[in-house]
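Beneath this line is the structure, given in structure tokens, with notes to follow.
Chain letters run A, B, ... following the sequence lines, proteins first, then strands; residues in each count from 1. This structure is a prediction, so every number in the text was calculated from the model and none was measured.
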Protein chains: 2
Amino acid sequence: MITVDWTDPGGEGLRERKKRQTRQLLTDTATEMFLDRGFDAVRVAEVAAACGVSEKTVYNYFPTKESLVVDHPDTAIATLRPALASAKSPVDAVLTVLAGELRAVASWLASQPDAVERFARFAALIDATPPLRAYQREMAGRLVGVIAEAIAARAGVPSDDPEPQIVAIALVGLWRVQFAALARYVDGRPASELVDAVTADVRRAADLLVGGLGGCDQLGITRS
Amino acid sequence: MITVDWTDPGGEGLRERKKRQTRQLLTDTATEMFLDRGFDAVRVAEVAAACGVSEKTVYNYFPTKESLVVDHPDTAIATLRPALASAKSPVDAVLTVLAGELRAVASWLASQPDAVERFARFAALIDATPPLRAYQREMAGRLVGVIAEAIAARAGVPSDDPEPQIVAIALVGLWRVQFAALARYVDGRPASELVDAVTADVRRAADLLVGGLGGCDQLGITRS
DNA sequence: CTATCAACTTTCAGTGACTGTAAAGTTCGC
DNA sequence: GCGAACTTTACAGTCACTGAAAGTTGATAG
């Protein structure tokens, strides 16, 4: 759903194409059904039936029911790793990746008439569905690992040292901030302002992290 | 297992006592079995049988299989809330609660001969068991909510504003740091140094958060 | 064009976590 | 002791997810 349909170069057999189509069909219809009736009220067997496919096939494509909604959790990692390698700092890398994801979402929002409403429902679905939130956290956990490793490698320390860990955790928190901002603003603001509003939120959070939690202490986050 | 057996005042009917005993028996034997054979290899029905109790009874006490191991996830919240209310700052509150938990673990470690080895296996079990890690993250998520609310309330802003969110996420990361430090040091260091070593790690992480990610920038966390 | 091989799908039978319900057993206040 | 409130149990069921074997289909060599 959020996927931006990364067009693959033409050199692709019929087999591969069918697989991609099936995969897409599965996520799309599953998401649609979940949005309509709620995650729990839809059985995997129903999704399979709706797609004219056996239940086992669904599980050949997706490891869990949740992964039907959060298509390609590894995409973020695949983008993040090179960014970490090339950027001047982890913070820059994360902000770059986040900006990229934001752009992708924004262009998807602009590409369909009812996109805004669908995205709002999508965000609400995730928020209201514990297993989906758990899945989101799991993905975040993987990002933490990747970032911590990158920092540790650069600094030449073990990746389970306190510094890489805490920095990675804090930085991954920015994903949550961006998602929350997106969910909040997508409904109220005109599309033109959306990107700026979300970016502003992320930047405020990032500045707070970089400058230190004491930075904006008009109302006592750190000890006075 | 990690629970410190908070002795309840005597005014307690037979009913309550039996419930407490059963609950304790369940977590203890379950943890023991999980440590021996692995989380996945033990069925809930087996735990029930080992305790001379029906499977349904297990589920009357615990919502999930995972909660058999991570007894009382709400204890942290119950401790944290008043700490947040009374401490000078969220950072202080979190550090205080963490120190308290550390003390409790340390005294438990000192109370039994094989405690160290058991704790090491316990930490390894959690690390090696995805569902348990997920459960841990879920608990962390609840802590984030509590802290974000406290900060937001104090500052008079919505709790899903970027600042409360990111601060809460970063602070909750300290739990992970403390757990990691505990797991790392429990095996190698003499008990006397344990608390200091762990505290040092937590403090390093907290200082980094408070002073800003740029603080210790000998090797480029933030942009140069 | 066809035989063949490999990949993919389906069918099927099963595991195990978790839930509701109604009956049987316990504890408590009197 | 006795009835009310509460627990435990037995039972039947749902549903996510898995492995194995047999069937189907796309790719490929002859």
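For B/Arg15 and D/dC6, a side-chain-to-base donor-acceptor distance below 3.5 Å is present, hydrogens and geometry of angles not being considered.
Of the charged side-chain nitrogens involved, none lies within less than 4.0 Å of a carboxylate oxygen, so that A/Asp160 and B/Arg176 do not count as a salt-bridged pair. Between B/Asp40 and B/Lys65, none of the side-chain N atoms (NZ, or NE/NH1/NH2) sits under 4.0 Å from a carboxylate O, so this pair counts as no salt bridge.
If you measure from atom CZ of B/Arg43 to atom P of D/dA16, you get 22 Å, rounded to the nearest angstrom. Rounded to whole Å, the distance from NZ on A/Lys65 to C1' on D/dT14 is 11 Å. Atom CZ in A/Arg17 sits about 17 Å away from atom C1' in C/dA7, given to the nearest Å. Remark: P of D/dT8 and CZ of B/Arg23 are 12 Å apart, rounded to the nearest angstrom. If you take CD of B/Glu16 and C1' of C/dT26, they are 14 Å apart, rounded to a whole angstrom.
Legend: residues meeting ring-ring contact (aromatic ring centres under 6.0 Å, His included) with A/Phe39, ordered by chain and number and at least two apart, are A/Phe34. Residues passing the ring-ring contact (aromatic ring centres under 6.0 Å, His included) test with A/Phe179, sequence neighbours excluded: none.
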Protein and nucleotides 9-11 of chain C: nitrogen or oxygen contacts under 3.5 angstrom:
{"residue": "C/dT9", "atom": "OP1", "partner": "A/Tyr61", "partner atom": "OH", "Å": "2.7"}
{"residue": "C/dT10", "atom": "OP2", "partner": "A/Ser54", "partner atom": "N", "Å": "2.8"}
{"residue": "C/dT10", "atom": "OP2", "partner": "A/Ser54", "partner atom": "OG", "Å": "3.2"}
{"residue": "C/dT10", "atom": "OP2", "partner": "A/Thr57", "partner atom": "OG1", "Å": "2.2"}

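With no hydrogens or angles considered, no side-chain donor-acceptor pair links A/Gln136 and A/Trp175 at under 3.5 Å.
Backbone-only engagement by A/Val42 is indicated by non-hydrogen atom pairs under 4.0 Å involving sugar-phosphate atoms exclusively.
Contact between the side-chain N/O atoms of B/Lys18 and the OP1/OP2 oxygens of C/dT27 is found at a separation under 4.0 Å.
Side-chain contact between B/Tyr59 and B/Glu55: present, with at least one pair of heavy atoms (C-beta onward) separated by less than 4.5 Å.
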